[in-house]
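Below: one structure, written as structure tokens.
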Amino acid sequence: MEKKRIIITGGSGKAGQWIVKHFVQNNYDVINLDVKAPAETICRTIITDLNDLGQVHNALSQYSTGSRQEVAGIVHFAAIPQAYTHTNDVCFRNNVMSTYHILEAAANLGIGKVVLASSESSYGICFASEFFEPQYLPIDEEHPQLPEDSYGLSKVVNEVTAQTFNRRTGMQVVSFRLGNILVPESYAQLKANFDDTAARLRILWSYIDARDVATACLKAIEAEGLGAEALIIAADDSSSNRLTLELVEQYLPGVKDIRSPLDGRTSLISNAKAKRLLGWEPQYKLMEQE
Ligand SMILES: NC(=O)c1ccc[n+]([C@@H]2O[C@H](COP(=O)([O-])OP(=O)(O)OC[C@H]3O[C@@H](n4cnc5c(N)ncnc54)[C@H](O)[C@@H]3O)[C@@H](O)[C@H]2O)c1
């Protein structure tokens, strides 16, 4: 059977490498679009600056129109992945325009499914100059997104851009509000810093293993009829060794609206919608990793 083709952006990055690997293992022909080459070559990489619509259009049309292979979709993970590493305008422009270009070119070329990397940072707590508590817990997709930083703003804008293209073309665009992404080598250091509990307060101790991000991407590309949806992609458990209820009592005492039981080390950002819509289950648990 002929392989299906998938375009992955940011496939040279931390999460992207695992996404590329997962699609290759699942018999996809993967094309990676990134400004830099990957550390390990397991698929074709086309060096592409996604800030340039001409390059995006050229790269996508080269691998979609006239090709005998069906393009299953685009997994767009390329971005500046946090606030304040670049000037605000550079972060905003890179993340917003790269996403706009991907969606514009996909629409023009008739590519019907896109996955976007959004972030739990879009809720605004992570990079706020003054810490603020969530309005309720666990946070879900209905919780207001209140960023003051240009990174969080770029993710909110991208989700709105996704809705716009869905209205324009019917394209399925699933935006993943990702927790802090951990790769296998992250766990040892995270565990060595368990005593510094407050260090991960701003991300509400959320995390997601990059391998679980990869399985969610495949599920979202293979799903049908989702329209434009934002989904929290987080592990079931938190990235702290403390009980979640204890964390809330100590660090988030103003949050009185608790909407589901906070048993054990359960996550404070809810993955229930992603599980329901994608039939996805995260496999990796913090305490089982070395
Ligand atoms: N790392 C996290 O904890 C985290 C959490 C939530 C969301 N995210 C999102 O997940 C995605 C991947 O994050 P990551 O940690 O793997 O980041 P990363 O920096 O490791 O990888 C991003 C890749 O995108 C490429 N890139 C950036 N701008 C580009 C452009 N204009 N054109 C082409 N390539 C470009 C970079 O070269 C890099 O290889 C990002 O969208 C990020 O915002 C990450």
Side-chain angles (χ1 to χ4, degrees), residues 7-22 31-40 43 45-60 74-86 90-102 105 114-127 139 145 147 149-159 161-162 174-183 185-187 189-190 200 202-214 216-217 230-235 239 269 271:
I7 314 284
I8 298 177
T9 78
S12 308
K14 182 167 83 168
Q17 295 174 54
W18 290 95
I19 301 168
V20 166
K21 207 169 281 182
H22 189 60
I31 310 287
N32 170 34
L33 307 183
D34 199 301
V35 278
K36 65 175 196 204
E40 188 191 353
C43 73
T45 292
I46 309 295
I47 300 297
T48 311
D49 184 353
L50 303 177
N51 286 305
D52 179 345
L53 178 60
Q55 289 186 45
V56 176
H57 214 281
N58 200 349
L60 292 185
I74 304 173
V75 177
H76 173 47
F77 266 58
I80 292 170
Q82 55 183 304
Y84 305 131
T85 55
H86 295 66
V90 167
C91 176
F92 182 79
R93 188 165 54 241
N94 185 73
N95 292 358
V96 166
M97 292 316 297
S98 60
T99 302
Y100 184 86
H101 291 156
I102 284 290
V114 178
V115 174
L116 300 181
S118 187
S119 174
E120 58 75 29
S121 298
S122 66
Y123 292 107
I125 298 166
C126 184
F127 296 113
I139 281 187
Q145 292 169 294
D149 59 284
S150 77
Y151 172 71
L153 174 63
S154 75
K155 296 300 190 186
V156 175
V157 171
N158 289 345
E159 290 187 18
T161 308
V174 182
S175 301
F176 282 172
R177 293 184 192 161
L178 299 153
N180 174 230
I181 297 171
L182 297 184
V183 289
E185 53 273 26
S186 320
Y187 288 98
Q189 198 194 352
L190 185 123
R200 295 177 71 81
R202 291 291 191 121
I203 54 169
L204 301 176
W205 301 278
S206 73
Y207 82 99
I208 181 69
D209 191 292
R211 293 164 289 187
D212 282 327
V213 175
C217 288
L231 301 178
I232 290 174
I233 299 292
S239 60
I269 67 172
N271 59 18

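Given the structure is predicted, the values throughout are model-derived calculations rather than measurements. Ligands are counted one by one from 1 in listed order, and the atoms in each one are counted from 1 as well.
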Check your understanding: Can you find an N/O atom of Asn94 closer than 3.5 Å to an N/O atom of ligand 1?
Key -> yes
Exercise for review: Would you check whether Gly16 has a nitrogen or oxygen atom less than 3.5 angstrom from a nitrogen or oxygen atom of ligand 1?
Suggested key: no
Review point. Would Ser239 and Asn180 count as having a side-chain donor-acceptor pair, cut-off 3.5 Å?
Key: no
Review point. So, Ser122 versus Gln145: side-chain donor-acceptor pair below 3.5 Å or not?
Key: yes
Review point. Short N/O distance, under 3.5 Å, between Phe77 and ligand 1?
Key: yes
Review point. Considering only heavy atoms, does Lys155 approach ligand 1 within less than 4.0 Å through its side chain, its backbone, both, or neither?
Key: side chain
Review point. How close does the nearest protein non-hydrogen atom get to atom 20 (O) of ligand 1, and which residue and atom is it?
Key: Lys14 N, 2.8 Å
Revision key, fill the gap. Residues Asn32 and Ser12: closest non-hydrogen pair is ND2-OG, 3.1 Å
Study note, to complete from the structure: In terms of heavy-atom contacts, Ser175 and Ala162 come closest through OG-CB, 4.1 Å
Study note, to complete from the structure: among protein heavy atoms, the one nearest atom 38 (C) of ligand 1 is Asp34 OD2, 3.6 Å
Review point. Has ligand 1 got any nitrogen or oxygen that is less than 3.5 angstrom from a nitrogen or oxygen of Glu120?
Key: no
Practice item. Can you pull out the closest protein heavy atom to atom 21 (O) of ligand 1? Residue, atom name and distance to 0.1 Å, please. Key: Gly13 CA, 3.3 Å
Review point. Should you measure from each heavy atom of Gly10, which atoms of ligand 1 turn up under 4.0 Å away?
Key: 23 (C), 24 (O)
**Study point:** Numbered atoms of ligand 1 (with element) below 4.0 Å of Ser12, judged on heavy atoms
**Key:** 39 (O)
**Study point:** Short N or O distance, Ala15 and ligand 1, threshold 3.5 Å exclusive
**Key:** yes
**Study point:** Nearest candidate to atom 33 (C) of ligand 1, where distance is taken over non-hydrogen atoms, out of Asn32, Asp49, Thr48
**Key:** Thr48
Study note, to complete from the structure: On a heavy-atom basis, the closest approach of Leu50 and His76 is CD1-CE1, 3.8 Å
Review point. Which residue owns the protein heavy atom closest to atom 22 (C) of ligand 1, what's the atom, and how far is it?
Key: Ala79 O, 3.6 Å
Review point. Where is the nearest protein heavy atom to atom 24 (O) of ligand 1: which residue, which atom, and how far?
Key: Ala78 CA, 3.3 Å
Revision key, fill the gap. Any heavy atom of Ser98 under 4.0 Å from ligand 1? The part involved is neither
Point to revise | Shortest non-hydrogen contact between Ala105 and Val56, atoms and distance | key: CB-CG1, 4.0 Å
Point to revise | Polar contact flag for Leu50 and ligand 1 (N/O pairs, less than 3.5 Å) | key: yes
Review point. Below 3.5 angstrom, do we get any N/O pair linking Gly179 and ligand 1?
Key: no
Review point. Going by heavy atoms in the side chains, are Val213 and Ile19 under 4.5 Å from each other?
Key: yes
**Study point:** For atom 34 (N) of ligand 1, closest protein heavy-atom neighbour
**Key:** Val35 N, 3.2 Å
Check your understanding: How close do Arg202 and Ile125 get, heavy atom to heavy atom, and via which atoms?
Key -> NH1-O, 2.9 Å
Point to revise | Nearest protein heavy atom with distance in Å, relative to atom 43 (O) of ligand 1 | key: Tyr151 OH, 2.6 Å
**Study point:** Region of Ser118 that comes within reach of ligand 1 [heavy atoms, distance under 4.0 Å]
**Key:** backbone
Check your understanding: Any luck finding a side-chain donor-acceptor pair between Asn95 and Asn158 under 3.5 Å?
Key -> no
Check your understanding: Is it true that the side chains of Ser118 and Arg177 contain a donor and an acceptor less than 3.5 Å apart?
Key -> no
**Study point:** Heavy-atom nearest neighbour of atom 19 (O) of ligand 1 within options Ser119, Ala234, Pro81, Cys91
**Key:** Pro81
Exercise for review: Please examine the side chains of Trp18 and Val183, heavy atoms only from C-beta on, and report whether any two atoms are closer than 4.5 Å.
Suggested key: yes
Practice item. Compare all side-chain heavy atoms of Lys21 with those of Glu40 and state whether any distance is below 4.5 angstrom. Key: yes
Practice item. Apply side-chain contact (heavy atoms from CB on, under 4.5 Å) to the pair Ser206 and Ile203, showing each step before the final yes or no. Key: CA-CA 6 Å; Ser206 73; Ile203 54 169; 4.0 Å; yes
Practice item. Just jot down the ligand 1 atoms closer than 4.0 angstrom to any heavy atom of Asn180, in number order. Key: 3 (O)
Practice item. Quick one: look up the protein heavy atom nearest atom 4 (C) of ligand 1 and list residue, atom name and how far away it is. Key: Ile181 CD1, 3.6 Å
Check your understanding: Charged N to carboxylate O under 4.0 angstrom, Lys36 versus Asp34?
Key -> no
